Amino acid sequence: MQIEIAHTIKYSYSKAVFVEPMTLRLRPRCNSAQRLNTFQLNIKPIPAGVSENIDLEGNITATIWFDDEHDFVHVSARSEVETLLTNPFEFIVTEKSALSLPAFYAELYGKDLECYITQRFPCNEVERFIESPLQESRGEIISFLMKLASYIEKSFDKETREHGWPRPPAKTLARRKGTCRDLALLYMEACRVVGIPARFVSGYRCLEDEDSEDRQYLHAWAEVYIPGGGWRGFDPSCGKVVADRHIAVAAAADPDKAAPISGSFRGNNTRSTIEYNVSISPNR
């Protein structure tokens, strides 16, 4: 699919402040699953400098900084992406020890996957929650990953919360509802319980109802590492395997390292607000 994305973010301050260097994660990936055809980044006021970098997770980021005080920062990113992943199951698992659960990854990975397996929010509630999909999948990894995504989608009401970090899995389980980022974090922790490396992904999802007039948002899901398949996406918000309707931008072991913008400002008694708009449309 050819997909056009426009994403604008505006920070407004009640008076002029000194904006510390900001890290932008708005450039979609370019890999075997998607091709980035065009990308434009516009920033107002014009920053003193812009530096494109590759972070520890392989995400392309832009660091921007300012010399003067400002009462707003407006960031606009426009992308044209071609998604290529029509068959997300076109791979084989190359490590027998990773075929059944709990998964075990060969020593050749060393400590490379440690940060993706370590639970950030260990709790008994997550272990109890996965009993059903674990039993139904008979401990087979691909079946478990699919059933877990479907189980979460059916078990939770969906909500929109425009700001804030993902809620801890225990709180999401207690409330029985959550945003896409809450459910993605729950999915990650559930995978880590049975030894599957998982990470958080931020990006966009092109809705199947292309004529919908509902407001569009940044989206979040999870990726798991499968020997022979690499990082593969699963979206517990819709209960599906990630294919050609998802556009990934950034991924990280911790959600805060995949946020679209990170930064701070210096100013006394200053209020800040944020406005944003996301537009996602197939390029016919």
Side-chain angles (χ1 to χ4, degrees), residues 5-28 39-57 59-79 120-121 158-172 175 177-185 199-205 214-221 247-280:
I5 304 160
H7 190 170
T8 61
I9 304 171
K10 182 179 181 181
Y11 295 92
S12 299
Y13 310 100
S14 57
K15 59 182 179 181
V17 299
F18 186 84
V19 180
E20 299 285 6
M22 306 175 79
T23 300
L24 314 184
R25 304 177 187 89
L26 294 168
R27 180 189 286 268
F39 178 75
Q40 294 179 324
L41 182 65
N42 293 297
I43 304 163
K44 296 179 180 179
I46 297 174
V50 179
S51 173
E52 287 200 336
N53 312 289
I54 300 175
D55 69 11
L56 285 171
E57 300 274 3
N59 304 307
I60 298 179
T61 68
T63 301
I64 64 173
W65 62 94
F66 302 88
D67 286 340
D68 301 320
E69 293 184 338
H70 300 287
D71 60 5
F72 79 95
V73 175
H74 185 276
V75 178
S76 175
R78 290 185 172 273
S79 311
R120 300 298 192 274
F121 304 94
K158 312 307 180 298
E159 65 178 351
T160 299
R161 190 176 71 255
E162 296 189 4
H163 308 299
W165 299 114
R167 288 194 173 103
K171 183 171 288 189
T172 300
R175 298 175 74 250
K177 62 180 179 180
T179 65
C180 59
R181 59 188 182 278
D182 299 330
L183 302 183
L185 184 57
R199 66 182 184 179
F200 186 92
V201 185
S202 66
Y204 310 97
R205 179 185 170 211
D214 292 343
R215 184 177 179 185
Q216 295 173 306
Y217 298 91
L218 193 71
H219 194 54
W221 61 94
I247 303 96
V249 174
D254 295 310
D256 58 338
K257 294 183 178 66
I261 297 183
S262 301
S264 61
F265 67 90
R266 281 185 278 132
N268 295 324
N269 301 316
T270 305
R271 298 185 307 276
S272 65
T273 58
I274 180 173
E275 303 171 60
Y276 65 91
N277 187 68
V278 176
S279 174
I280 309 162

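Quick caveat: nothing in here was measured; it's all calculated off a predicted structure. Values below: every heavy atom of this structure, side chains too, minus hydrogens, waters and symmetry copies.
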Close side-chain approach of [X] and [Y], heavy atoms under 4.5 Å:
| X | Y | answer |
| --- | --- | --- |
| D254 | W165 | no |
| R78 | N42 | no |
| V73 | F265 | no |
| K44 | F72 | yes |
| Y13 | E69 | no |
| P166 | F200 | yes |
| L218 | Y204 | yes |

For the pair D182 and R161, find out whether any cationic side-chain nitrogen is under 4.0 Å from an anionic carboxylate oxygen.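 So D182 pairs with R161 through a salt bridge.
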Cationic N near anionic O, under 4.0 Å, R167 to E159: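 Salt bridge: yes.
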Determine, step by step, whether Y276 and I9 satisfy the side chain to side chain contact (heavy atoms under 4.5 Å, CB included) criterion, reporting the C-alpha distance in whole Å, the side-chain angles of both residues, the deciding distance to 0.1 Å, and the verdict. CA-CA 4 Å; Y276 65 91; I9 304 171; 4.2 Å; yes
If every non-hydrogen atom of [X] is compared with every non-hydrogen atom of [Y], which pair is closest and at what distance?
| X | Y | answer |
| --- | --- | --- |
| E57 | A251 | CB-O, 3.3 Å |
| S202 | A258 | OG-O, 2.7 Å |
| M22 | I261 | CE-CG2, 3.5 Å |
| L26 | F39 | O-CE1, 3.4 Å |
| R25 | A259 | NH1-O, 2.8 Å |
| I43 | F66 | CG2-CZ, 4.3 Å |

To the nearest 0.5 Å, tell me how far [X] [atom1] sits from [Y] [atom2].
| X | Y | atom1 | atom2 | value |
| --- | --- | --- | --- | --- |
| K257 | T23 | NZ | OG1 | 12.0 Å |
| Y11 | E275 | OH | CD | 12.0 Å |
| E52 | T61 | CD | OG1 | 8.0 Å |
| D55 | I60 | CG | CD1 | 9.5 Å |
| I64 | S51 | CD1 | OG | 11.5 Å |
| I5 | Q216 | CD1 | CD | 10.0 Å |

Residue list, side chain to side chain donor-acceptor pair (under 3.5 Å) with R181, at least two apart or on another chain: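 Result, side chain to side chain donor-acceptor pair (under 3.5 Å) vs R181: none returned.
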Take a 6.0 Å sphere around NZ of K15 and say whether it holds more than 12 heavy atoms from other residues, nucleotides or ligands.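 Enclosed: over 12 neighbouring heavy atoms sit under 6.0 Å from NZ of K15.
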Please indicate whether Q40 has more than 12 foreign heavy atoms, meaning atoms of other residues, nucleotides or ligands, lying under 6.0 Å from its CD.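 No - once you tally the heavy atoms of other residues, nucleotides and ligands closer than 6.0 Å, there are 12 at most.
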Looking only at side-chain N and O atoms, does D256 offer a donor or acceptor that is under 3.5 Å from a partner on S262?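 Their side chains do not contain a donor-acceptor pair, so the 3.5 Å distance test is not met.
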Step-by-step side chain to side chain contact (heavy atoms under 4.5 Å, CB included) determination, T172 to L185: CA-CA 9 Å; T172 300; L185 184 57; over 6 Å; no
